[in-house]
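Report on the following structure.
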Number of protein chains: 2
Amino acid sequence: MTVSFAEIKASTPMVFESGCSTRVILDHIMSKWGVLVLASLSDGTRRWGELRREVDGISEKMLATTLRTLVDDGIVHRESFPTVPPHVEYSLTPLGRDLMERMLPLIGWVAEHADTMVARS
Amino acid sequence: MTVSFAEIKASTPMVFESGCSTRVILDHIMSKWGVLVLASLSDGTRRWGELRREVDGISEKMLATTLRTLVDDGIVHRESFPTVPPHVEYSLTPLGRDLMERMLPLIGWVAEHADTMVARS
DNA sequence: CTGTATCCAATTCGATACTG
DNA sequence: CAGTATCGAATTGGATACAG
C-alpha cells in the first residue's frame with residue numbers, strides 16, 4: 001500500500017506552500033549534507049572528527065551548520081563529555097531513527113541505480 | 001527488513017565519495033525543487049503551466065532547470081505535441097515511478113511530523 | 001502556451017585562521 | 001578535540017523581457 005501525494009496533501013493541505021513547516025524540514029533533511037550526515041549516524045554514534053572524515057568533502061563550517069540544524073529539529077542528539085580534550089558524541093534520536101527507516105530504502109535505491117542514470121547524460 | 005547504510009556502502013563503496021554518481025543523482029532528486037516537482041508528477045501527468053502553479057513559489061528558470069535535469073536522468077518523460085499554441089506534457093517514467101514509491105513514504109512522514117519539529121526551534 | 005536569455009541579488013560554501 | 005569567525009568565491013535563484 002503506497003500513499004499517494006494527493007492523499008498526503010489532503011491530510012496536510014499546507015504541504016506545498018512556500019515556507020510551510022513541511023518545506024522547512026524537507027530542506028533540512030534532504031539538503032546536500034544533511035542526507036549524508038544522517039546516513040552516517042544511522043550506522044551508530046559518531047564523534048565530530050569521525051563525521052568529518054566519513055562524510056567526504058564536507059567543510060567544518062557545513063558540518064557545524066548541518067549538525068546544529070538537525071539537533072534543533074530533534075533528529076540528532078548531541079552529548080558532550082566534560083573532559084580534556086573535549087569529547088562530543090552525535091547520535092540519532094528515536095525520531096531520527098524513525099525518519100531513517102524511510103530514508104534508507106531511498107538511498108539504497110539511488111545507490112543501485114545512479115550509475116545507469118548518470119551514464120545516460 | 002531495513003537495509004543499513006553500512007550494507008549500502010559495502011555493495012557500492014563509492015557512495016560516500018565526493019562527486020560519485022550516487023551523490024549526483026541524490027542532489028538532483030533531493031534538491032529543493034526536485035522533490036516537489038516529482039511529488040506533483042507522482043499524482044499524474046502535468047503540463048508546464050500546471051506544474052508552475054502547483055509547485056508554489058517556483059520560478060520559470062528553476063522549473064525549466066529542474067525538469068531538464070530530471071528528464072536527462074531518465075526519471076521524467078517529456079512529450080511535446082506540435083500544436084499551436086504548444087502543448088507539452090510531463091510524466092514519470094517507469095524508473096521515476098519506482099523511485100517515488102520509495103520517496104512518498106518519506107514525504108508523508110515529514111508532512112506528519114514537521115509541525116512538531118519546527119515548533120521545537 | 002512553453003519556454004529561453006539576461007542581469008542582478010541573495011545565499012551557500014570552502015579555505016583559513018584562531019579559541020577553549 | 002571540537003568547534004567559531006571571517007572573508008571572498010562560486011553557485012543559486014528570482015524578475016523581467018522576449019521568442020517560437
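These numbers were taken from a predicted model, which means no experiment stands behind them. To find a chain, count down the sequence lines: A is the first, B the second, and so on, and within it residues start at 1.
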Using only side-chain N and O atoms of A:R47, determine if any of them is under 4.0 Å from OP1 or OP2 of D:dA2.
->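 A:R47 to D:dA2 OP1/OP2: side-chain N or O found under 4.0 Å.
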
Side-chain donor-acceptor pair present, B:D56, A:S18, cut-off under 3.5 Å |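 B:D56 vs A:S18: no donor-acceptor pair found between side chains.
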
Selection residues 2-12 of chain B - residue pairs positive for salt bridge (Lys or Arg N to Asp or Glu O under 4.0 Å), sequence neighbours left out =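 Salt bridge (Lys or Arg N to Asp or Glu O under 4.0 Å) check on residues 2-12 of chain B returns A:E54-B:K9.
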
With a 4.0 Å cut-off on heavy atoms, is A:F81 in touch with a base, just the backbone sugar-phosphate, or nothing at all?
->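 The answer is nothing, as A:F81 stays clear of every strand by at least 4.0 Å.
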
Would B:V88 and B:W48 count as a side chain to side chain contact (heavy atoms under 4.5 Å, CB included) if you check the C-alpha gap in whole Å, the side-chain angles of each, and the deciding distance to 0.1 Å?
-> CA-CA 7 Å; B:V88 180; B:W48 167 277; 5.5 Å; no

List for me each residue that meets side-chain contact (heavy atoms from CB on, under 4.5 Å) alongside B:H77, sequence neighbours excluded, and say none if there are none.
->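 Partners of B:H77 under the side-chain contact (heavy atoms from CB on, under 4.5 Å) test: B:E79, B:S91, B:T93.
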
Start and end of chain A contact along DNA chain C [non-hydrogen atoms, under 4.0 Å] |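 Range of nucleotides touched by chain A: C:dC13 to C:dG20.
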
Where the side chain of B:S31 meets the backbone of B:H28, is there a donor-acceptor pair that is under 3.5 Å apart?
->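 The answer is yes, because a donor-acceptor pair under 3.5 Å joins these two groups.
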
With no hydrogens and no angle check, is any side-chain donor or acceptor of A:T69 less than 3.5 Å from a backbone partner on A:T65?
->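 It does hold such a pair.
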
For A:P86 and for B:E89, locate the closest nucleotide of DNA chain C by heavy-atom distance; then report the residue assigned to the nucleotide nearer the 5' terminus.
->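 Looking at the nearest nucleotide for each, B:E89 comes out on the 5' side.
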
Separation of B:L67 atom CG from D:dG13 atom C1', in whole Å?
->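 Rounded to the whole Å, the gap is 16 Å.
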
Sorted by number, the residues of residues 49-65 of chain B with heavy-atom contact under 4.0 Å to DNA chain C |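 Contacts with DNA chain C under 4.0 Å: B:G49, B:E60, B:K61, B:A64.
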
With A:T45, which residues qualify under side chain to side chain donor-acceptor pair (under 3.5 Å), at least two apart?
->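 Applying side chain to side chain donor-acceptor pair (under 3.5 Å) to A:T45 gives none.
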
In chain order, what residues pass the side chain to side chain donor-acceptor pair (under 3.5 Å) check against A:R102, with sequence neighbours excluded?
->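 Partners of A:R102 under the side chain to side chain donor-acceptor pair (under 3.5 Å) test: A:D98.
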
